[in-house]
Structures are given as C-alpha cells and as structure tokens.
Chemist: 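Got a structure for you, written out below as structure tokens; questions coming shortly.
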Amino acid sequence: MSESGSEDSDGWRSGGALWSKACSQGTADSFVPDHEAMRPFMRTLKTSAFRGLAKVALVSLLALAGGATRADEPKSEGPAFEIPPLEAEGPFGATIRLEASDRVRGEFVDWFETPPSSATRNDDYRFLGNRFQLGVRVKRDPVELFVQFQDSLLYKVPDHAPGPGGNYFANTPETYQQEPMLRNAWLRWQDAFTVPGLKTTLGRQLYRDGLETPLDDPTLAWLQKNRIAERLVGPFDYTHIGRSFDGGQVGYENPLLNVTAFGFVPTFGGYEINGNPEIDQVAVAGLSATLKEGETLPGTSTRLFYLYYNDHRNLVVLDNRPLALRQADHQPLNLHTVGGQLLHVEPLGPGKADFLLWAAGQFGDWQSLEQEAWAYALEAGYQLPEVWAAPWLRFGVNQSSGSNDPFGRVHGTFFQILPTARLYAQFPFFNMMNNMDTFVQLLLQPHPKVSLRTDFHWLRVSQPNDLLYAGGGATSDTNFGYTGTATGGAQDIGYLLDTALTFTPTRNLTLYLYYAHVFGRGVIGNAYVGRVANYGYVEATVGF
C-alpha cells in the first residue's frame, strides 16, 4: 500500500535547511536583494513572511543544537550534527513522535527566448521557495494516526514568464506567496477487522501509484521508485506546495501478493499556493495487484493496474482542437486506464542486468470525443556494484500516443492524469503526453554519501499535428493543469542534457544540485525566437 507518511525522498527524511546566495548569476539579479528591493521585502517580513522564516530558523537552530549536544559524545555514539528521533511514550502504550522538516530551494530559469511582444516575455529569471512541515505521528498497534501541517513560501515569483516560476504566477498572480495547509490527516488500521494482512488508510494522505508495496531487492526498489511510481498519480512534491488526496485506500498483503484499491478527491496544490481546498469536481479511483519478488519469482516483480478519472469542472480543456471547438464542448472527462508492468534483475557476469516494461491503454470519453490512447516504457540497464562508484548505465524509450486529426471524432493523446511529472522530465518543459523520449542514463555513487546522475534525452512528439504538452495535472477548480505548445508541423523537440548531484552528510541533512541544458530543434524553433534553454536549482533539506 502506498505510504501516506514520510519515508521517501519527498517526505520527512528530506526536510530542508537555510540556503544562501545560490544560483545567482551576477549581483544585479542575485537572490540577495539590493538596497531598494529590500524595502518592500522588509515590510513583508514584519507580517506573514516573518512567521515562515522563523520556522526555517527554528529547524536550523534545532539541527545545530542537536549537533552540539552530540559533539562531546564518543564517536561510537554516531556522527555529529545528527538529531535523534523526537519520540516519547504516550498513554495506553502509544508511541508519539514529532516530525519536522524544511526544504529551501533557489531556482534559475533561462527559458527559450520569447519575442518582446509575447505574453510570457520574462524568459530569464530566478526565484526562491521554502516548504516547512510539522507533523505528529501516534502509533499503537494496530492503529496509526498521522497529522501534518505545511507552510509554503515563494519569493520573487516572476510575472509574465514561461516555465516553473511562471506556473506559480499563473495560478496566483503575486510575486510573494505564502500559505499554510493541512497536508496529511489520516488514520491507518493494520489487520483491519481482525483479518491478517488487511490494511485501511482513511483521510487526507499522499498516494503514489506504483508504490502500493515496497520491493526488497535494492535494484527493483530503485526502478519502482524512480521509473515506475507516480507516472499517473502522485503528490507532485517537486513543487513547493504539492498535492494531497482526500479519501481512502484498502489493501491486502502477504509475502507474495499485494492488492490495493483506492478512491480520492485531489486537493488544490502543485503550482497553486493554496493547497487546502478540494477539487471536488475531480475524482480518481483505482485497483492494482502486485506480485512481489521472492522464491517464487526471484528477481522479478509484476503488477496490473486500473485507474478511473472523472473531471467535470466545466472549463476549457487542452487538446489540439481549435479554440472555438473546445470552448463549445462542455462535456466531462471520463477516462479508464488499464496497464501493467514487469521488473526484472538478473546477475550477469561481474554485475547485474535489469529490465523494465510498463504499458497502458486508455479509453472512455474526452468530452464529446472518444478516447483511444496508449503509452509504454521499455528500459534496460547494467550495473557493476563491486567497481568503484558502482557505475550503472541505463537506456530506454518512453513513448505515448498523440492526436493526429484536430477535427476527428477520436482524441488520441494519452492523458497523464495527476502525476509527479518531474520524475520523468527532470527539466519539466515536457511530460508523457504525445511524447517519445529516447534516453541514456549513467548513475554513479563514488561515496556512500554522494550520488551522481547524468542523462541524455532525444525528445520528439509522437504526432506533429498535436501539441508539445507540459504539466502535472489539475491544480485548482479553474486551472486545467496542463500547457501546450504548437509544434508548427515539426516532430523533433530537441536534446536534453542534465546532471544531478546528491550529498547527504548526515541523515538529517541533504544537499541537492541540478542543472539542465536543452538544444532545441524543429518544434522549439517554430515556437520560440531562441532554441537554447537552461534550468537549475540548489536545494537544501533538513529534517528529523
């Protein structure tokens, strides 16, 4: 069953820390404000911003205090600057744990150059985001309760801009944004109704499709988390707000099998700063069955899944039809997605070979059109765990269908539902809709605390009569959640080269650096004045 708590890279163990003077390109446009810029900012600090920044300072001081407390202890007691879990015994045999984190990120965007007359003319900008989370976990077997509050802060959000920063402004047209929200509030019952292996989770929670049950083999677990999970439904935690899901899930698990069913209404969020309300006119439900690796299936895991998506927000959807046709169509979206996956790892020579197959078909009603779409991922890799840096070379093709006829009766563009798109598009100017992504990837771990990832992607649209899509799904009652760029009849999008470095000096602190460069081709050349784009960020997280 998908974890609704905090054990992955987007949860509590990836908290945040203060970040200073990162990603600046010259003092004139640095994150360190000049004298004039400080005046309105200091006025803001006296009000709501002060509360958010005070939380950042509190977590940082706690981190330092925890380190100082342990500094005089023998080395055998553990590394310095680590905070032990804040856990205590409660009444009736319950365990109460306080969990807090803070993630701060400075982003720079040098988008494809747009003409001065463009509505998104601000194509070169920087902005800062912070996400503070505070939660309480109460556990007394077989029941667990988790409540988590979140405060998101955005500073220097660009107006009239494309790319990630522009998405925040398009949802909330303010350059300074801050909003608290209830991120999690769920109750879990293990061995529900006295049935061993039956588990229910009810309330506001985070759901990640494909992670209904964790796999034990480290290679399969990495593939599951990084190349399978959240393709179609996820909490979108790449953004500074994320999304939650209100509803419930129930699952049955034994050593070989996991079966999970769920039904949710998503909340606002993603690029929308106010993540508290529900998008009550959108619903998503599903069922999955996973065969885990074990003696019966050594080095192998398979999964079948079904997803249902309903959207009756009565807004103008995005597809390749002319605007007048889309404005006149007020029918809802009723989509069914059926698919499966196969993961396998096999010892081969001095290393290990892995294989991944994921495929889905989609049908139903795209407003007044019939939905007929498909998508697949075919990937393979080879790693040398005993060699220095444990090199892991991977390659693959991810493709989805597009719509060929803007005036036809069939909508053929695969719809990605409510994903965490950035997992599969690290520079999120594209997603898995009308897309063909051929890639090569190298993973290195030169030190237990350091990992490096470098990718090269050749990007094309599947149908040149369709759009180049981007986005991660519904963010509010009024924002469809996806954007589209006309291809001008071209098929080649371009080449993407990116690299990411992760450094984890202690379990309480993680530093992450990312940089990407795009060499645009036909589609980009038809849509923009410039064909080159850059995107990067520096992120620090602290949590306990």
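Because the structure is predicted, anything quoted here is derived from the model rather than measured. Here, residue 1 is the first one in the sequence, and each next residue gets the next number.
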Chemist: Looking only at side chains, do Q362 and T337 share a donor and an acceptor under 3.5 Å apart?
Modeler: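 Looking only at side-chain atoms, T337 and Q362 do form a donor-acceptor pair, the distance falling under 3.5 Å.
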Chemist: Report the residues that fulfil side-chain hydrogen bond (donor to acceptor under 3.5 Å, both in side chains) with Y482, sequence neighbours left out, ordered by chain and then residue number.
Modeler: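 Listed in chain order: nothing, the list is empty.
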Chemist: Strictly below 4.0 Å, N to O, side chains only: are K292 and D216 in salt-bridge contact?
Modeler: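 Salt bridge absent between K292 and D216.
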Chemist: For T302, check side chain to side chain contact (heavy atoms under 4.5 Å, CB included) against everything at least two apart and list the hits.
Modeler: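 Side chain to side chain contact (heavy atoms under 4.5 Å, CB included) list for T302, sorted by chain: L291, T300, L342.
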Chemist: Parallel, tilted or perpendicular: which fits the ring planes of F414 and W358, with parallel below 30° and perpendicular above 60°?
Modeler: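 Plane angle over 60°, so perpendicular.
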Chemist: When you measure from the side chain of H457 to the backbone of F439, do you find a donor-acceptor pair of N or O atoms at a distance under 3.5 Å?
Modeler: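 No.
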Chemist: Could you tell me if R422 sits above the aromatic ring of Y514, with its cationic atom closer than 6.0 Å to the ring centre and no more than 45 degrees from the axis?
Modeler: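 Here R422 passes the 6.0 Å and 45° test against Y514.
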Chemist: Between the main-chain N or O of E370 and the side-chain N or O of D365, is there a donor-acceptor pair closer than 3.5 Å?
Modeler: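 Absent.
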Chemist: Which is it for Q341 and R303 under the side-chain hydrogen bond (donor to acceptor under 3.5 Å, both in side chains) test, yes or no, and what are the steps along the way?
Modeler: CA-CA 5 Å; Q341 70 192 46; R303 171 176 170 259; 2.9 Å; yes
Chemist: Could you tell me which non-hydrogen atom of T200 sits nearest to which non-hydrogen atom of V250, and how far apart they are?
Modeler: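 Looking at all heavy atoms of both residues, the shortest contact is CG2-CG2, 3.6 Å.
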Chemist: Give the ring-plane orientation class for H336 versus Y308, where under 30° counts as parallel, over 60° as perpendicular and anything between as tilted.
Modeler: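 Tilted: the ring planes of H336 and Y308 meet at 30° to 60°.
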Chemist: If you look at every heavy atom in V143 and L187, which pair is closest and at what distance?
Modeler: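 The pair with the smallest heavy-atom distance is CG1-CD1, 3.4 Å.
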Chemist: Distance-only criterion, 3.5 Å: show the donor-acceptor pairs between side-chain atoms of residues 381-390 and protein atoms not counting sequence neighbours.
Modeler:
residue : atom : partner : partner atom : Å
Y382    : OH   : L348    : O            : 2.6
Y382    : OH   : G351    : N            : 3.0
Q383    : NE2  : T219    : OG1          : 2.8

Chemist: Less than 3.5 Å apart, any donor N or O on the side chain of Q249 or Q205 sitting next to an acceptor on the other?
Modeler: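 Yes - a donor-acceptor pair under 3.5 Å links their side chains.
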Chemist: For F193, which residues count as a ring pair (Phe, Tyr, Trp, His ring centres under 6.0 Å) partner, sequence neighbours excluded?
Modeler: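 Residues passing ring pair (Phe, Tyr, Trp, His ring centres under 6.0 Å) with F193: W189.
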Chemist: Is it the case that R231 places NZ or CZ above or below the six-membered ring of Y424, under 6.0 angstrom from the centre and within 45 degrees of the axis?
Modeler: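 The answer is yes; both the distance and angle limits are met.
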Chemist: Under a plain distance cut-off of 3.5 Å, with no hydrogens placed, do Q178 and D151 share a side-chain donor-acceptor pair?
Modeler: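 Short answer, yes.
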Chemist: Do the side chain of T413 and the main chain of S403 share a donor and acceptor less than 3.5 angstrom apart?
Modeler: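 Yes, T413 side chain to S403 backbone: donor-acceptor pair under 3.5 Å.
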Chemist: Got a sec, which pairs hit ring pair (Phe, Tyr, Trp, His ring centres under 6.0 Å) with one end in residues 254-295, sequence neighbours left out?
Modeler: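 As it turns out, the ring pair (Phe, Tyr, Trp, His ring centres under 6.0 Å) pairs with a partner in residues 254-295, which skip direct neighbours, are Y168-Y271, Y207-F262, Y207-F264, F236-Y271, F245-F264, F262-F264.
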Chemist: Is it the case that the side chain of T475 and the backbone of G269 share a donor-acceptor pair, with hydrogens and angles ignored and the cut-off at 3.5 Å?
Modeler: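 Such a contact is absent between T475 side chain and G269 backbone.
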Chemist: Determine whether S152 and R131 make a side-chain contact, defined as any pair of heavy atoms from C-beta on separated by less than 4.5 Å.
Modeler: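 S152 vs R131: side chains touch.
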Chemist: Is any side-chain N of the basic residue among E253 and K199 closer than 4.0 Å to the acidic one's carboxylate O?
Modeler: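 Salt bridge between E253 and K199, a charged N being under 4.0 Å from a carboxylate O: no.
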Chemist: Suppose we screen for salt bridge (Lys or Arg N to Asp or Glu O under 4.0 Å). Which residues come up paired with K352, at least two apart in sequence or across chains?
Modeler: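 By the salt bridge (Lys or Arg N to Asp or Glu O under 4.0 Å) rule, K352 matches no residue at all.
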Chemist: Which of these, V345, L343, L223, sits in a side-chain contact (heavy atoms from CB on, under 4.5 Å) with L215?
Modeler: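 For L215, the side-chain contact (heavy atoms from CB on, under 4.5 Å) test succeeds with only one of V345, L343, L223, which is L343.
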Chemist: On a heavy-atom basis, which atom in G129 and which in L154 lie closest, and how many Å separate them?
Modeler: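 That closest heavy-atom pairing would be CA-CD2, 3.9 Å.
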Chemist: T201 and R188: side-chain hydrogen bond (donor to acceptor under 3.5 Å, both in side chains), yes or no, with the steps?
Modeler: CA-CA 4 Å; T201 307; R188 177 174 296 158; 3.1 Å; yes
